[in-house]
Amino acid sequence: MASSVDPRYSDPGRATELKAQVDGLLGSTPRPEMLVAIPSSPDPVAALALGLRCKTLLLLRTEAKGGQINDNIAAIETWLTHWPVAGPTPKIQTCPEEPGETIATERLIGEIESVLVRRKTWQVPANVAYLATGGTKAHTTALARHGECVGSPVFLLTPDYKDGRPVPGTGNIVLDEPPREVLRRDGHRRARAAVRSRRFDAAYDALERIPEPRGEDSDLLRWWIDAWAYRDAMRFREAADAARKIESNGRGLPRSPETEILCQAAAQLAEWCDRLHLEATTEPAEPRLGLLLEIMERGAQERDSKRYNHTSLMYYRAIEMILGERLRTAWGIDDSDAAPEGRAPSQNPGDGALPTATDLEAGFRQIASELGLHLLNPRSPLALLDKLVLLIALDDPRFPPPGEARGWAKRLQEAGRSRNAGLFAHGYKPVETSHLDTIEALLGIQDPDSGVLRLLWPRQKLSDLAMLRRSARGPHLSDDGRSLQRG
């Protein structure tokens, strides 16, 4: 049966589809002028000729498929007489030129090189493309490796299948990723995933294991790991500096989707860490909401990792920070001041008169006594329960009714006993999940209006809280680096 090119490759619509596939693969890269192929089947050659619109088809006569290849070359020549698109028709060159001659497998690359040198095409590898569909495995492997070594694109045609057999005239053109590129992409994928789970040593190791680990895109990803590692250590200024290295160095690189997304993520990370550094090193007029949420989210991550002792520390610090920031920003009270005069408020978020230091201390001691908290001392730097009792004594307008506020104090006192018995406090018992449930309820993690979070976020601003919590969870890169993830 005579060989022929499938009729679908004479359809201008199919030709347009194939060209769009190649355009999507090569982007702004100049199109190759020559396609090197082993025409063990005429269809893949026709598909790539339509996709590339190249000037020359260098068709190789290999020893394993000699007679069949000659028939296929003749079929391609016939098909080209009815070239289905506008523009020049590709010219065929064969190697060897005579139909009765073939190339031994071990001489395949040498013969290709001699043709390219004669045509002066060798000087620009991007001018040559290779089709790694056709011939024996030894042939296609040799072509693919040669293309990788010289820097030329290597294409495949992946057909559709029916009943286990390829359907003629179907399929898509794809770029054959060389082993080095496959390893690089896989290393980057594993590094991004490791950063999301805060396994920074594993992220660095993933980069070091790829070929040429110091390439430009790998350097950008290494700064990404640096930035997140610094943020994890709460060294916010260094984290922002590392993120800005990505922005400044990424501008000069080709704008691939991965680079675009990484630079976008780095800008968000730098902005968030700048905020955290400012809150940690100054005394802003507004509550330190960024730092608070950073600590809360860290606690949630520790709980997800079943590190319950660490979670308890984070949540207690979050409650303490909420109470201290409410005293500072709403009442003008410095919770670290040991002097008695430091206990007197300088402002009132409500409408009532300011209590004197003496009246406030009396009210403090009365509430502490009612709650059975006889060891509290408003004259020392305020501890967690001191702050809560002081806010109750001030009749803070953000507090729930007195009975419920005193209930907070009782639950916090009970949770404090559990924490104090823990390994990271004064005892030897690991923290139980029931203790964490109590603390989360006091914080108001699931329902901010039911816990101490209401002191900093009134109900009408809970949407702002949700937005800030998203910032505290990310940004993170997807595994393929082409999209952003939150948390």
**Between Ser197 and Arg199, a side-chain donor and acceptor under 3.5 Å** = yes
**Item:** Arg275 with Glu271: basic N within carboxylate O range, under 4.0 Å
**Value:** no
**Item:** Worked verdict on Ile173 versus Leu25 for side chain to side chain contact (heavy atoms under 4.5 Å, CB included)
**Value:** CA-CA 9 Å; Ile173 297 171; Leu25 294 170; 4.1 Å; yes
**Message:** Tell me if the CZ atom of Arg469 is crowded by more than 12 foreign heavy atoms within 6.0 Å.
**Reply:** yes
**Request:** Could you tell me whether the side chain of Arg326 reaches within less than 4.5 Å of the side chain of Lys387, counting heavy atoms only?
**Result:** no
**Message:** A quick test of your reading: do over 12 heavy atoms of other residues, nucleotides or ligands sit less than 6.0 Å from CD of Gln347?
**Reply:** yes
**Message:** With a 4.0 Å cut-off on N to O distance, would you call Arg317 and Glu320 a salt bridge?
**Reply:** yes
**Request:** Establish, from distance only, whether the side-chain atoms of Glu260 and Gln264 form a donor-acceptor pair under 3.5 Å.
**Result:** no
**Request:** Run the salt-bridge test on Asp186 and Arg190 with the 4.0 Å N-O cut-off and return the result as yes or no.
**Result:** yes
**Item:** For the student: nearest non-hydrogen atoms of Arg192 and Leu477, plus distance
**Value:** CD-CB, 3.9 Å
**Item:** Which residues share a salt bridge (charged side-chain N to carboxylate O under 4.0 Å, His left out) with Glu325, sequence neighbours left out
**Value:** Arg288, Arg328
**Asked** Would you call Arg31-Asp23 a salt bridge at under 4.0 Å N-O?
**Response** yes
**Message:** Just so I know, are the side chains of Ile295 and Tyr316 near enough to count as touching, which here means a heavy-atom distance under 4.5 Å?
**Reply:** no
**Asked** Are Arg8 and Asp11 within salt-bridge range, i.e. N to O under 4.0 Å?
**Response** no
**Asked** Do Trp457 and Leu289 pass the side chain to side chain contact (heavy atoms under 4.5 Å, CB included) test, and can you show the C-alpha distance, the side-chain angles, and the key distance before you say yes or no?
**Response** CA-CA 10 Å; Trp457 278 283; Leu289 303 181; 3.6 Å; yes
**Whether over 12 other heavy atoms sit under 6.0 Å from Asp201 CG** = no
**Request:** Answer yes or no: is there an ion pair linking Asp241 with Arg235, defined by an N-O contact shorter than 4.0 Å?
**Result:** no
**Parallel, tilted or perpendicular, as decided by the 30° and 60° cut-offs, for the rings of His310 and Phe424** = perpendicular
**Prompt:** Is it true that Arg184 and Asp217 have a side-chain N and a carboxylate O under 4.0 angstrom from each other?
**Reply:** yes
**Request:** For Val154 and Leu143, work out which heavy atoms get closest and say how close.
**Result:** CG2-O, 4.4 Å
**Request:** Please lay out, stage by stage, how Ser41 and Asp43 fare under the test side-chain hydrogen bond (donor to acceptor under 3.5 Å, both in side chains).
**Result:** CA-CA 6 Å; Ser41 170; Asp43 284 0; 5.0 Å; no
**Message:** Check this for me, if you would: do Arg196 and Asp479 make a salt bridge, where the nitrogen-to-carboxylate-oxygen distance has to be below 4.0 angstrom?
**Reply:** yes
